[in-house]
Amino acid sequence: MSSAVLHLDEVSKTFALAKGRELTAVDKVSFEVERNSIVVLLGPSGCGKSTVLRMIAGLETPTGGTITLGETPVTGPGRDRGMVFQAYTSFDWLSVRRNVEFGMKINGVPAAERREQAEHFIRLVGLSKFLDAYPSQLSGGMRQRVAIARTLANGPELLLMDEPFGALDAETRWQMQELMIDVAEQAQTGMIIVTHDIEEAIFLADKIVFLSAHPGRVKEEIIPAFKSGGRIRSKEELVQTPGYAELERKIMRLMREEGQHE
Amino acid sequence: MRSPSPHKSRFLEVRRPVSRRQAALSAIAIWVLFFGIWLIAAEGGMVNPLLVPSPVQVFETTWNLFVDRGFIGDIGISVWRVVLAFAMASALSVPLGVMMGTFPAIEAIFAPFVSAWRYLPAPSFIPILLMWFGTGEAPKLALLFLGVVFFLITLVMDHTKNVRKELIETALTLGANRKVTVLNVVLPAVLPEIVTAMRQMLAVTWTYLVIAEIVASTTGIGAMMMRARRFLKTDEILSGIIVIGVLGLVFDLLFKAAHRWLFPYLQEKR
Ligand SMILES: Nc1ncnc2c1ncn2[C@@H]1O[C@H](COP(=O)(O)OP(=O)(O)OP(=O)(O)O)[C@@H](O)[C@H]1O
Ligand SMILES: [Mg+2]
């Protein structure tokens with residue numbers, strides 16, 4: 001038995017379009033996610049990243065292949081695979097605290113434990129001062145942090161994030177990226193993060209799965225060699241690391257190649 | 001030539017909000033103008049006083065109606081009809097509309113039925129309602145109910161459908177089952193919209209109330225107005241109109257206050 005938590009085995013998705021036409025968005029995609037590791041899905045727009053993530057979340061059914069989490073095949077959404085969306089998903093009628101408690105509450109976690117867990121994760125994302133604020137009083141980046149805390153507090157085995165920082169300004173985005181490294185280590189959660197930001201991908205990834213477009217296939221799996229001694233914790237450190245520039249150039253080349261196929 | 005100053009304030013500015021003071025003054029001015037014209041026309045003998053009594057007389061009559069003639073009883077009956085019929089319509093529409101907006105299978109059953117009824121003007125049922133239910137409260141309540149229920153169902157359904165998919169999917173990936181998703185996410189997300197829809201439909205209920213009471217009632221504000229017509233009491237008719245207007249306004253304000261009280265988080269925005 002390998003140490004992987006998640007297996008994708010030749011997973012495909014064909015959408016039925018109007019007038020009997022079909023679109024194969026994802027074609028025989030296979031990869032694995034190791035326990036507590038961060039996998040980044042990278043690729044040009046429309047290559048099927050979101051579709052792959054949604055199939056892992058159980059929000060979309062594959063038309064071929066299998067997805068297994070641990071030993072069990074994925075058949076629908078569940079609390080073991082928490083998802084953070086690009087769009088804001090805060091429950092506006094609940095305070096920050098109750099947003100973060102939501103998952104635990106519906107899963108029957110006792111009130112005292114819920115409270116403690118929620119406060120822990122709210123502290124982790126740096127929102128302790130806003131425990132009792134409503135989401136509408138928070139900035140976009142803060143709301144996204146609430147969503148991340150809410151998902152983490154629910155104790156998922158895997159955290160799925162679809163361009164979670166896309167709508168944020170550069171500075172907030174760096175903060176969030178560094179936060180994710182902390183979280184991965186503290187919460188001991190595996191993550192799959194979708195992005196098309198190359199720098200973000202290299203910073204976060206233990207492994208990059210690069211998808212090609214039309215149809216979406218795995219073009220290459222890239223493991224940043226310079227991280228063999230451990231993850232890099234800050235953006236400044238990243239750009240100074242030997243090997244970073246080279247990897248960035250390589251991925252840009254892959255992106256270019258994909259662009260020319262259009 | 002004067003140079004254009006950026007601070008020069010003109011009366012008409014495109015989409016520039018007015019101050020509270022200006023808003024209040026404008027509102028008072030238009031009403032003063034209205035009553036002024038009415039007063040001058042009536043007191044100056046420009047109109048037949050039998051058809052257009054002066055506002056002073058109308059207010060006196062309104063006072064007398066309350067003090068000597070038990071007008072409050074008629075008002076009570078009218079309010080009770082509106083509230084009861086509207087409560088029944090809401091009790092059906094809100095759950096059904098939410099279910100239809102959440103489950104396409106339920107929408108597929110009821111939507112074709114509901115939308116067909118919407119095109120039938122409720123007053124066209126008055127003759128048959130009278131035959132079925134006689135002259136008691138039932139035909140009036142039935143008319144009010146029929147007048148709003150199909151619109152309210154449709155509004156609630158549409159608002160429920162607009163609950164963002166990401167909210168529902170977030171709930172599912174947090175481990176919510178169907179029941180939790182509907183009761184703890186869809187319903188609270190759509191509730192402010194539902195209350196607003198109810199506020200709009202309550203105004204419509206008042207419209208049907210007047211129709212019901214004018215056509216087929218011996219009690220209530222509308223019936224009082226029809227009685228007054230028989231005795232050529234224009235002042236009493238106008239009193240009725242004013243009271244209906246004021247009641248509609250009061251209910252609207254109550255709903256607005258309820259909205260603010262129920263959904264404090266919506267006010268935090270600005
Ligand atoms: N529900 C759907 N019905 C039909 N086609 C779909 C559906 N969802 C996605 N597609 C198509 O599948 C392809 C992949 O879409 P997907 O959203 O997974 O791409 P993506 O890699 O996430 O793109 P982006 O980087 O722009 O978010 C696209 O061509 C898209 O039009
Ligand atoms: Mg996408």
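Small disclaimer: the values here were computed from a predicted structure and weren't measured. Here is the naming used below: chain letters follow the sequence lines, and residue numbers restart at 1 for every chain.
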(request) May I ask you to list the residues in residues 139-156 of chain B that approach chain A closer than 4.5 angstrom, counting heavy atoms only, ordered by number? (result) none

(request) Assess whether side chain to side chain contact (heavy atoms under 4.5 Å, CB included) is satisfied between Asn184(B) and Phe91(A), documenting all intermediate values. (result) CA-CA 10 Å; Asn184(B) 297 26; Phe91(A) 298 142; over 6 Å; no

(message) For residues 77-102 of chain B, give me every residue with a non-hydrogen atom less than 4.5 Å from any non-hydrogen atom of chain A.
(response) none

(request) Tell me, for Ser90(A) versus chain B, whether the close heavy atoms (under 4.5 Å) come from the side chain, the backbone, both or neither. (result) backbone

(request) Only pairs at least two apart or in different chains count here, so list each side-chain hydrogen bond (donor to acceptor under 3.5 Å, both in side chains) that has a residue in residues 186-209 of chain B. (result) Thr196(B)-His259(B), Arg199(B)-Asp252(B)

(request) Output the residues of residues 105-132 of chain A for which the shortest heavy-atom distance to chain B is under 4.5 Å, in residue-number order; output 'none' if no such residue exists. (result) Ile106(A), Asn107(A)

(request) Count the heavy atoms of every other residue, nucleotide or ligand shown that sit under 6.0 Å from CG of Leu33(B), and state whether that count exceeds 12. (result) yes

(request) Could you check if a side-chain atom of Trp93(A) sits within less than 4.5 angstrom of a side-chain atom of Pro192(B), using non-hydrogen atoms only? (result) no

(request) Could you tell me which non-hydrogen atom of Thr89(A) sits nearest to which non-hydrogen atom of Leu167(B), and how far apart they are? (result) O-CD2, 3.4 Å

(message) Return the CE to CD distance between Met83(A) and Glu166(B), rounded to the nearest 0.5 Å.
(response) 9.0 Å

(message) Quick check against the 3.5 Å criterion: does Arg164(B) have a side-chain atom that pairs as donor or acceptor with the backbone of Tyr88(A)?
(response) yes

(request) Measure distances from Lys165(B) to the heavy atoms of chain A and classify the residue's part below 4.5 Å as side chain, backbone, both or neither. (result) side chain

(request) Check each atom of Arg150(A) against the heavy atoms of chain B and say whether the ones under 4.5 Å are side chain, backbone, both or neither. (result) both

